[in-house]
Amino acid sequence: MADAVLSTDPPARRVITRPNAVRRFFQRKSTIAFLMALPLIILIFGLVIYPAFYAVYLSTLRKSMTSVAWMRNCAWLPDVICTYLPFGNMQFLFTRETFWKVVYQSCLFAITAVIFKALLGFILAHFVHNIPAKGQRKWRGMLLIPWVIPPAMSTLAWLWLCDPSYSAFNYVLTGAGFDRIPWTGDANWARFAVILVNIWVGAPFFMIMYLAALKSVPDQLYEAAAIDGANWWQRIWYVTLPMMRNIIAITALFSTIVTFANFDIVRVLTAGGPLDQTHLFATWAFKLGIEGGDIPLGASVSLFMVPILAVAAIFILRDINQRGNEA
Amino acid sequence: MRRQTLSRRRFLAATAITTAALSSPFVRGAHAAGKLSIGLWDHWVPGANRASTEVAQAWAAKEKVELTIDYIPSQGNKNLLTIAAQAQAKSGHDMLAMPTWWPQAHADQLESCNDIMTQLIAQSGQVNGTVQYLGRAGDKWLGVPATIGSQIKGPCSRIDLLKQHAGIDIQAMYPAGSAPKADAWTMDAYLKAAEACHKAGVPFGVGLGDTTDSVDTAGAFFQSFGAALVDAKGDLTVKSDAVRQALEYCVKVAKFYPADAPAWDDGSNNRWLVSGRGALIMNPPSAWAVAKRDAPQIAAQCWTHGMPAGPRGRFSPFLPYFWNIWSFSPNKPAAKSLLVALSQPDAVAKFVAASAGYDIPSFEKLTTLPTWAEEGPPKGTLYHYPNPHNHQTLSIAAAPAPPKIAQQIYSQGTLTKMIVRHLQGEPMERTLAWAESEVEGFLRT
């Protein structure tokens with residue numbers, strides 16, 4: 001190689017320029033960034049993108065998985081087009097009573113849980129924010145516990161608290177002279193129980209995000225508001241909330257997606273019962289696809305979450321972008 | 001480029017080496033018959049897996065096969081997920097234990113076991129109707145009925161409570177060591193006993209949820225009335241008199257079950273018995289085994305026996321496991337040889353003993369093993385568990401519908417949902433219309 005470097009021969013010069021080009025390519029920030037992100041890209045491709053497309057493929061198959069589930073007799077499309085659309089499973093689902101029950105329950109579960117998680121998280125964040133810095137870390141740590149325990153495990157404890165026959169809550173209630181509550185045996189109580197557990201698990205996430213946002217609000221704004229004579233509520237409404245809007249929107253979006261796709265809490269606490277009254281898309285998809293052996297129908301149910309969540313994401317992210325541009 | 005030429009000397013040398021290699025004696029190594037990977041059900045009786053490991057590894061050592069055994073639990077449906085994943089990937093274990101409906105669900109991907117089933121039936125006797133229904137697609141045996149995990153979910157009653165509150169001497173009806181004298185054990189007697197025990201504050205602990213224990217009991221009751229939602233030809237029979245009759249009876253008796261029975265899962269009935277709160281549950285002897293460990297005074301009062309008889313006979317839920325060989329297995333002969341070894345009477349007796357009588361072989365000559373007669377306390381409590389006198393028909397809920405339809409009825413808990421809907425005040429005709437619409441959906445192919 002040393003000879004080649006010293007030589008003035010033109011072909012030898014070409015030899016030394018090549019390694020430099022390769023080196024330059026590998027020294028580019030974009031190349032390094034790509035290479036460093038490559039393991040994650042491979043993971044996302046293998047564990048998210050490929051399964052997602054595979055789920056789409058599965059959802060187009062008939063129950064026997066040997067042929068395509070074409071649509072039939074569409075009321076709103078001519079047969080020429082309808083019979084060439086591979087969404088027969090989706091068409092079938094629209095005719096099922098349980099499917100619409102699941103749609104209703106998923107919306108009720110996600111919306112109610114997110115609203116209460118946000119509210120509780122907001123209140124907790126304020127409490128923690130007002131605790132003197134010395135003891136704050138302790139409280140933050142304790143309040144995060146429900147969020148850091150795997151939900152499948154903590155829900156087991158809730159199951160024992162709400163067990164149909166041996167509920168610890170009922171033990172206390174009956175001891176105090178009240179009637180037993182069918183926590184998982186009655187549709188409304190069962191819905192209440194799964195939403196309650198979801199709020200318990202998810203509220204700390206909101207709290208920590210809101211706490212971070214609260215800490216970033218400049219004190220001068222509050223001082224100015226105080227000088228202007230703003231009361232506690234006005235300071236929240238005109239200073240805190242506008243400063244936290246983006247974090248509230250992003251947290252709500254993220255939580256809506258996670259709550260909508262929830263599986264473990266419902267699976268452990270009620271398994272979708274009684275009478276399918278607490279099933280969500282994910283738990284019903286599992287019931288149909290894995291327990292019932294109808295994988296294409298299960299895949300179709302799970303895919304119904306995608307458009308609903310995509311619409312929510314588009315609206316919220318567009319709002320955030322608009323406000324970012326205004327700023 | 002230099003051209004290669006084949007000289008006479010080189011030709012002779014190559015020929016000599018090849019001939020020597022081909023004619024050299026075959027040296028049988030430690031794993032000469034290749035590798036075999038199997039997935040067995042992870043037994044919940046402590047120590048039961050050891051028996052299957054010993055039998056399988058003894059076979060592997062004899063046949064010079066490198067054997068790998070994975071125990072896959074049914075908790076969280078891990079076994080179902082494994083089956084689904086391997087079926088999709090067309091890769092995985094050579095042989096896999098599949099519960100009830102799954103061999104039929106993957107019938108096209110399973111190796112025919114006709115050859116070994118013929119041999120095993122000749123050796124140990126015919127298998128029951130439920131095994132034939134679930135394990136055979138047309139003329140093809142989809143696997144071998146496994147002893148490990150197969151169970152009957154009949155009643156396990158409290159001797160003292162039934163005698164005290166319902167006036168039933170269950171040991172006299174089902175005496176240890178001899179044939180049942182259970183003509184009086186009918187649906188009417190069951191209803192009266194349920195009512196009496198409910199009044200006494202020790203209700204029958206029968207679930208109405210959509211997990212297997214609840215569904216199996218409802219299925220057996222429907223069959224006792226000759227009621228099926230879909231017949232063997234695949235025709236809808238929801239709005240039949242038999243279904244109306246069965247539903248009416250089930251709702252009548254459900255009023256005497258615990259109020260929270262619609263929310264019960266497969267563990268609820270076990271806890272009901274062990275805690276001493278009920279006079280009867282429908283379960284294999286696992287609940288009794290837990291009671292033996294945790295509440296021996298309750299276990300000493302438990303007696304496992306047959307189902308009550310309905311107008312169309314006496315039906316008991318039977319849930320067999322199967323050992324199945326995937327068609328993509330690279331070592332099918334070894335897998336078949338292992339299945340034969342696992343189904344030998346000695347191996348079966350070992351599995352039954354290791355599971356304290358929980359496991360039931362499907363072959364008729366193997367239902368009178370000493371374990372069931374000897375287990376206790378009380379001694380003989382499991383004698384009638386394997387149906388030794390064939391006094392009841394072993395069945396599975398939703399049969400005789402074609403298995404792929406029946407699986408949907410079963411897994412969606414349609415029967416128990418019908419009972420709960422009607423129990424909660426929905427008019428019968430509306431419940432039947434709902435069930436018909438559900439089942440119509442299951443008919444899609």
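Chain letters run A, B, ... following the sequence lines, proteins first and then strands; every chain starts at 1.
B:Gln412 places none of its side-chain heavy atoms less than 4.5 Å from the side chain of A:Asp294. You'll find the side chain of B:Trp264 stays beyond 4.5 Å of the side chain of A:Asp163, heavy atoms only. With contacts defined as side-chain heavy-atom distances shorter than 4.5 Å, the pair B:Glu438/A:Arg96 qualifies.
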Side chain to side chain contact (heavy atoms under 4.5 Å, CB included) between A:Trp183 and B:Asp260, worked out: CA-CA 9 Å; A:Trp183 295 104; B:Asp260 47 22; over 6 Å; no
Run the side chain to side chain contact (heavy atoms under 4.5 Å, CB included) test on B:Arg444 and A:Arg62 for me, step by step, so that the C-alpha distance in whole Å, both residues' side-chain angles and the decisive distance to 0.1 Å come before the verdict. CA-CA 8 Å; B:Arg444 50 190 277 287; A:Arg62 293 167 74 92; 6.0 Å; no
What's the verdict on side chain to side chain contact (heavy atoms under 4.5 Å, CB included) for A:Phe286 and B:Leu81, showing C-alpha distance, side-chain angles and the deciding distance? CA-CA 10 Å; A:Phe286 185 81; B:Leu81 286 163; 3.9 Å; yes
For the pair B:Gln408 and A:Lys63, evaluate side chain to side chain contact (heavy atoms under 4.5 Å, CB included) and give the outcome as yes or no after the intermediate values. CA-CA 11 Å; B:Gln408 303 296 313; A:Lys63 188 174 153 190; 3.7 Å; yes
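More than 12 non-hydrogen atoms from other residues, nucleotides or ligands lie less than 6.0 angstrom from CZ of A:Arg72. Summarising the local packing, CZ of A:Phe263 is surrounded by more than 12 heavy atoms from other residues, nucleotides or ligands at distances under 6.0 Å. Other residues, nucleotides and ligands contribute more than 12 heavy atoms inside 6.0 Å of the OH atom of A:Tyr54. Crowding of A:Asp179 atom CG: a count of heavy atoms from other residues, nucleotides or ligands under 6.0 Å not exceeding 12.
Closest of all the heavy-atom pairs between A:Glu291 and B:Ser411 is O-CB, 3.5 Å. Nearest heavy atom pair, residue B:Trp102 against residue A:Ile290, reads CZ2-O, 3.3 Å.
Highest contact tally toward chain B, considering only A:Leu275, A:Val268, A:Thr66, A:Leu58, is held by A:Leu275 [criterion: heavy-atom pairs under 4.5 Å]. When each of A:Leu297, A:Thr270, A:Thr95, A:Thr98 is checked for heavy-atom pairs under 4.5 Å with chain B, A:Leu297 comes out on top. Of all the listed residues (B:Gly441, B:Ala105, B:Ala84, B:Pro262), the one sharing the greatest number of non-hydrogen pairs under 4.5 Å with chain A is B:Gly441.
Ion pairing of B:Arg421 with A:Glu97 is present here, as a side-chain N (NZ or NE/NH1/NH2) and a carboxylate O approach within less than 4.0 Å.
For a residue to count as touching a neighbouring chain, one of its non-hydrogen atoms must lie under 4.5 Å from one of that chain's; by this rule A:Trp189 does not touch chain B. Proximity to chain A is absent for every atom of B:Thr211, based on heavy atoms less than 4.5 angstrom apart. Contact annotation for B:Trp272: both backbone and side-chain heavy atoms come within less than 4.5 Å of a heavy atom of chain A. Proximity to chain A is limited to the side chain of B:Gln424, based on heavy atoms less than 4.5 angstrom apart. Contacts of B:Phe442 with chain A are made by backbone atoms alone, with heavy-atom separations under 4.5 Å and no side-chain atom involved.
Applying the salt bridge (Lys or Arg N to Asp or Glu O under 4.0 Å) test to A:Asp276 and every residue at least two apart in sequence or in another chain returns B:Lys417.
A cation-pi arrangement is not found for B:Arg271 relative to A:Tyr166, the charged atom failing to lie both closer than 6.0 Å to the ring centre and inside a 45° cone about the ring normal.
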